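Here is the structure we will look at.
Indexing begins at 1, ligand by ligand and atom by atom, following the structure's order. For clarity, every value in this text was computed on a predicted model and none was experimentally measured.
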Amino acid sequence: VGGDVTATPESDDNEYLCPVTIGGQTLNLDFDSGSSDLWVFSTSTPSSEQQSHTIYNPAKSSTFKELNGFTWQISYGDGSGASGTVGTDTVTVGGLTVKNQAVELATAVSSEFVTDSANNGLLGLAWSNLNTVEPTQQQTFFANAGPQLQQNVFTADLRHDQPGSYDFGFIDTSKFQGNLNYVPVDNSQGFWQFTVDGYAVGDGATGGNSFSAIADTGTTLLLLDDNIVSDYYSQISSAQNSNSAGGFVFDCTEDVPDLTLQIGDYAAVVPGSLLNFSQNGDGTCFGGIQSDGGQGFAILGDVFLKAQFTVFDQGNVQLGFAPK
Ligand SMILES: O[C@H]1CN[C@@H](c2nc(-c3ccc(C(F)(F)F)cc3)no2)C1
């Protein structure tokens with residue numbers, strides 16, 4: 001048994017949304033391998049915050065059960081967040097069904113979610129020890145699905161400005177080139193966390209110290225240590241760190257170098273084309289590489305994941321990468 005679901009990029013590849021059916025109702029959710037709550041806009045969300053979102057109505061589901069007194073509260077890297085109550089229902093993703101999945105109903109969402117009208121909630125794909133439900137932590141959709149999967153994996157094939165896919169329970173070898181390169185995961189903090197052994201800018205030599213990183217489908221950009229960020233942008237003559245733009249920008253006419261992250265024996269190349277992330281509208285462009293804010297580990301978000309086929313292997317607690 002497995003599932004295959006289309007991941008559609010919003011404008012500027014800011015996020016990728018996937019159709020999820022909950023108690024017979026389909027909502028587009030943001031799949032996030034950096035968190036572990038499945039939450040939705042619902043009839044419990046204040047109408048002033050529902051705006052043009054698709055909402056889940058538990059009263060219309062014959063399989064919904066309230067988890068009385070259970071609550072959740074989550075905040076994301078950008079400072080946004082949501083909170084609410086909890087129930088269970090039957091959840092289907094790309095043909096893969098999990099019964100009695102914890103579904104978290106938002107009774108409050110931050111302004112960023114209110115205005116992101118395409119995003120009707122998140123489906124967390126990190127490890128269940130990050131789930132925020134109290135008094136009893138809940139399992140993720142992927143953790144619950146594990147026992148019924150042929151292979152205890154899900155894969156991500158995200159693309160620039162075109163639909164990609166998430167697969168659950170199998171590895172589609174037609175989606176990548178060559179062999180998969182596996183690296184061990186430290187899931188003690190609940191993330192898909194692993195070690196990067198070095199980096200190279202453009203066709204330069206691979207160097208630098210090894211560092212920790214997480215594979216995070218819910219983060220848009222590639223967030224790295226300030227020293228690496230400075231080294232990278234020193235190769236782009238017009239690059240500057242712009243407070244108004246919120247990060248490093250450069251002239252759109254510039255030739256943007258590739259970045260290679262050495263992961264074990266695998267050289268993961270992120271092409272310069274993906275590192276010229278978006279236009280600011282004034283002739284400058286916003287970089288796909290930005291600072292990780294000094295939090296001690298790098299966040300390999302969609303900019304990185306668009307350049308790789310990635311296997312999130314729950315059974316063997318490892319990540320696999322291959323070029324596409
Ligand atoms: O927390 C870390 C876990 N993964 C990263 C993540 N961040 C979001 C997010 C999605 C949508 C929005 C909003 F719609 F703009 F509000 C905000 C944040 N989803 O995953 C960061």
Side-chain angles (χ1 to χ4, degrees), residues 7-18 20 27-42 45-46 48-56 72-84 104 106-133 140-142 154 156 158 164 166 185-194 212-224 246-247 277-278 286 288-306 310 312 319:
T8 305
E10 288 304 296
S11 58
D12 280 343
D13 298 349
N14 262 317
E15 58 189 0
Y16 292 79
L17 299 175
C18 307
V20 176
L27 291 81
N28 292 329
L29 304 185
D30 182 356
F31 283 21
D32 175 23
S33 64
S35 67
S36 305
D37 286 49
L38 194 175
W39 71 263
V40 291
F41 276 76
S42 76
T45 310
S48 62
E49 296 178 3
Q50 286 181 21
Q51 296 197 3
S52 53
H53 287 270
T54 305
I55 62 167
Y56 166 68
W72 60 282
Q73 177 169 15
I74 198 162
S75 56
Y76 297 103
D78 66 344
S80 64
S83 61
E104 303 170 30
T107 56
V109 298
S110 66
S111 58
E112 297 90 345
F113 281 102
V114 174
T115 52
D116 184 356
S117 56
N119 182 318
N120 302 304
L122 264 71
L123 188 144
L125 292 168
W127 298 82
S128 297
N129 56 333
L130 277 184
N131 178 266
T132 73
V133 173
T140 67
F141 171 82
F142 181 41
F154 78 86
L158 302 180
Y166 289 96
V185 160
D186 168 7
N187 62 1
S188 58
Q189 294 183 73
F191 296 117
W192 291 92
Q193 187 169 334
F194 63 103
S212 265
I214 67 169
D216 185 352
T217 59
T219 287
T220 308
L221 302 177
L222 172 48
L223 307 181
L224 297 169
F277 181 73
S278 61
F286 195 74
I289 290 172
Q290 298 296 340
S291 170
D292 66 7
Q295 59 188 325
F297 54 85
I299 302 182
L300 306 192
D302 302 332
V303 161
F304 174 82
L305 295 169
K306 276 179 257 184
T310 307
F312 294 76
L319 281 165

*Between W127 and F312, is the gap from one ring center to the other below 6.0 Å?*
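Ring centroids of W127 and F312 are no less than 6.0 Å from each other.
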*With sequence neighbours left out, which residue pairs that include part of residues 289-300 fulfil the side chain to side chain donor-acceptor pair (under 3.5 Å) condition?*
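Found D226-S291.
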_According to side-chain hydrogen bond (donor to acceptor under 3.5 Å, both in side chains), who are the partners of S83, at least two apart in sequence or on a separate chain?_
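S83 satisfies side-chain hydrogen bond (donor to acceptor under 3.5 Å, both in side chains) with no residue once adjacent residues are dropped.
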*side chain to side chain contact (heavy atoms under 4.5 Å, CB included) partner of D216, chosen from L222, I299, L125*: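 The option that passes is I299.
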*Mind telling me whether Y166 and F31 have parallel, tilted or perpendicular rings, with 30° and 60° as the class edges?*
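Taking Y166 first and then F31, their aromatic rings sit tilted (interplane angle of 30° to 60°).
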_V114: side-chain contact (heavy atoms from CB on, under 4.5 Å) partners, not counting sequence neighbours_ =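 Checked V114 against side-chain contact (heavy atoms from CB on, under 4.5 Å); matches are E49, Q51, V109.
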*Collect the protein residues that have a non-hydrogen atom under 4.0 Å from ligand 1 and hand them over in chain and number order.*
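Protein residues near ligand 1 are E15, D30, D32, G34, Y76, G77, D78, S80, E112, F113, D116, N119, L122, D216, G218, T219.
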